Number of protein chains: 2
Amino acid sequence: MARRSDHSSQQITDMTVSWVQTYLSERCAENLSLRQVAKAIGYSPGTLINHFGSYGMLLLHVNASTLDQLDNAMAQGNVIGRDPGALIINMAKSYLAFAEAHTHAWRLVFEHRLSEHEDIPEWQMKRIDRLFTQLKELLKRVNQAASETELEQNARILWGSVHGITVLAVDDKLFSPVDTPNEQMVETLITHYLSGWCTGSSQKQQGEML
Amino acid sequence: MARRSDHSSQQITDMTVSWVQTYLSERCAENLSLRQVAKAIGYSPGTLINHFGSYGMLLLHVNASTLDQLDNAMAQGNVIGRDPGALIINMAKSYLAFAEAHTHAWRLVFEHRLSEHEDIPEWQMKRIDRLFTQLKELLKRVNQAASETELEQNARILWGSVHGITVLAVDDKLFSPVDTPNEQMVETLITHYLSGWCTGSSQKQQGEML
DNA sequence: AATTAATTATGAACACTGTTCAATAAGTAT
DNA sequence: ATACTTATTGAACAGTGTTCATAATTAATT
């Protein structure tokens, strides 16, 4: 058999990504394979490799769509006007909730690494950067006197921390004898951290609220 | 060929684990395979499966040894007597430093998951628990009035947070335009969090220092 | 309309993977 | 010396991602 043109290039990409996405809603990525995907969408393995470059690149496209979904989910709770601390907590909770709801897809985003020679495309970096920009803006409102450098640093610390709790929560490695809901953990984390930041030793004055 | 008894059961385990460990000091686990390990230690793949149960179980033994090393590395900085806040920061820095020095081994610990039916043996859980116990004791010294529940919760939040920054640091996903050393990030995290915890709204009195 | 050129999907082949299992040799007990 | 148990194996199995010549379809050119 040969050239078919049943579907456009975009369509193949979409079919692939969306099928993998629904697969990941039930099974984890480790049990998935290029050949399964190929069979599922009715093309040969070779075709998919032609299309995406490699299986790894295919998964990267899946990750892109996951990050879009995540971004979307987090935009929901982010209403303008309320106090920034509460908004940050909202963001974090959305992050956690998304990870717990899309365990396999979410894990794939952070565990998938390309092989040596292929490096992360910038359309992927951009998606990650959106998170920081939002967070930084909120942090600025929390502590208006903070320098750009300080905001940058704190955004990373805060995101990293929430991410850490999320990773462990998703893997059930946070087994607490006293079972506190994970949501409350990120809340406690953020309130304590922000309050410590604003009243902190070598810090400037505080922003609205807190 | 058949039974050889060149090595005892323990020796085979040790040879395997230590060879994989040195492998991981340069290459990552994804490029490793049961067959490579088998060839390296001079046994057949089947023998290793008989021994460990599965390749996954083999890797679990490697993870155990990694956790032992980690535990050892963290014990170094943990000298009794100094103020608990500084000690917690030391712990966290050791954690980060270890992860950065043993990237591949460390990643394997947190990314390796057994298949459906095999569940994590308790000799693995115990190793993870050691961390918490240490941390909880230090936290108790920071805030002596804190309840057991509160200590438990805060130990998890704190460890999760440090873990998160570490994960991202190891994966170079913490790309900051302003490049703050990662060490300083965990320090800032902990100081702010602890100070926020002790002076916090619904909190008890504070402990020694801070 | 007929011919050529460019494109695209393919199946077969390749070198690998973890795992199973009958055959077999070595060690132990009778 | 015989029987039994145990450890190790190679071959086979079903699977993996990737390569590539082959072939078929579309597009461009005569």
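Computed from a prediction, not measured in an experiment: that's the story for all the values here. Naming: A, B, ... by sequence-line order, numbering from 1 per chain.
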Tell me: [atom1] of [X] to [atom2] of [N], nearest whole Å?
{"X": "A/His51", "N": "C/dT10", "atom1": "NE2", "atom2": "P", "result": "12 Å"}
{"X": "A/Tyr43", "N": "C/dG11", "atom1": "OH", "atom2": "P", "result": "13 Å"}
{"X": "B/Met15", "N": "D/dT8", "atom1": "CE", "atom2": "C1'", "result": "14 Å"}
{"X": "A/Phe52", "N": "C/dT8", "atom1": "CZ", "atom2": "P", "result": "15 Å"}
{"X": "B/Ile12", "N": "D/dT8", "atom1": "CD1", "atom2": "C1'", "result": "9 Å"}
{"X": "B/Lys39", "N": "D/dT9", "atom1": "NZ", "atom2": "P", "result": "13 Å"}
{"X": "A/Gln11", "N": "C/dT8", "atom1": "CD", "atom2": "P", "result": "14 Å"}

Among residues at least two apart in sequence or on other chains, which ones pass side-chain contact (heavy atoms from CB on, under 4.5 Å) with [X]?
{"X": "B/Asp14", "answer": "B/Gln10"}
{"X": "B/Gln11", "answer": "B/His7, B/Ser8"}
{"X": "A/Asn31", "answer": "A/Tyr23, A/Cys28"}
{"X": "B/Ser54", "answer": "B/Met57, B/Glu118"}

Task: A/Leu96 to A/Ala169 - nearest heavy-atom pair and separation - done: CD1-CB, 4.1 Å

Open item on the list: Per the salt bridge (Lys or Arg N to Asp or Glu O under 4.0 Å) rule, what does the pair list look like for residues 42-54 of chain A, sequence neighbours excluded?
Closed with: none

- [ ] Could you pull out all residues at least two apart from B/Arg35 that satisfy salt bridge (Lys or Arg N to Asp or Glu O under 4.0 Å)?
- [x]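 Once residues adjacent in sequence are excluded, B/Arg35 has no partner under the salt bridge (Lys or Arg N to Asp or Glu O under 4.0 Å) criterion.
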
- [ ] Only counting residues at least two apart or in another chain, list the ones meeting salt bridge (Lys or Arg N to Asp or Glu O under 4.0 Å) with B/Asp6.
- [x]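 Here the qualifying residues are B/Arg4.
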
Task: For DNA chain C, the residues among residues 18-28 of chain B that have a non-hydrogen atom under 4.0 Å from it - done: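 Per residue number, the list is empty: none.
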
Task: N or O in side chain of B/Thr47 less than 4.0 angstrom from D/dT9 OP1/OP2 - done: yes

TODO: Check for a donor-acceptor pair, side chain of B/His104 on one end and backbone N or O of B/Ala29 on the other, with a separation under 3.5 Å.
DONE: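 It does not hold such a pair.
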
Close N or O pairs between protein and nucleotides 17-21 of chain C (under 3.5 Å):
from   : atom 1 : to      : atom 2 : distance (Å)
C/dT17 : OP1    : B/Ser33 : OG     : 2.6
C/dG18 : OP1    : B/Leu34 : N      : 2.6
C/dG18 : OP2    : B/Leu34 : N      : 3.0
C/dG18 : OP2    : B/Arg35 : N      : 3.2
C/dG18 : N7     : B/Arg35 : NH1    : 2.5
C/dG18 : O6     : B/Arg35 : NH1    : 2.8
C/dT19 : OP2    : B/Tyr55 : N      : 2.8

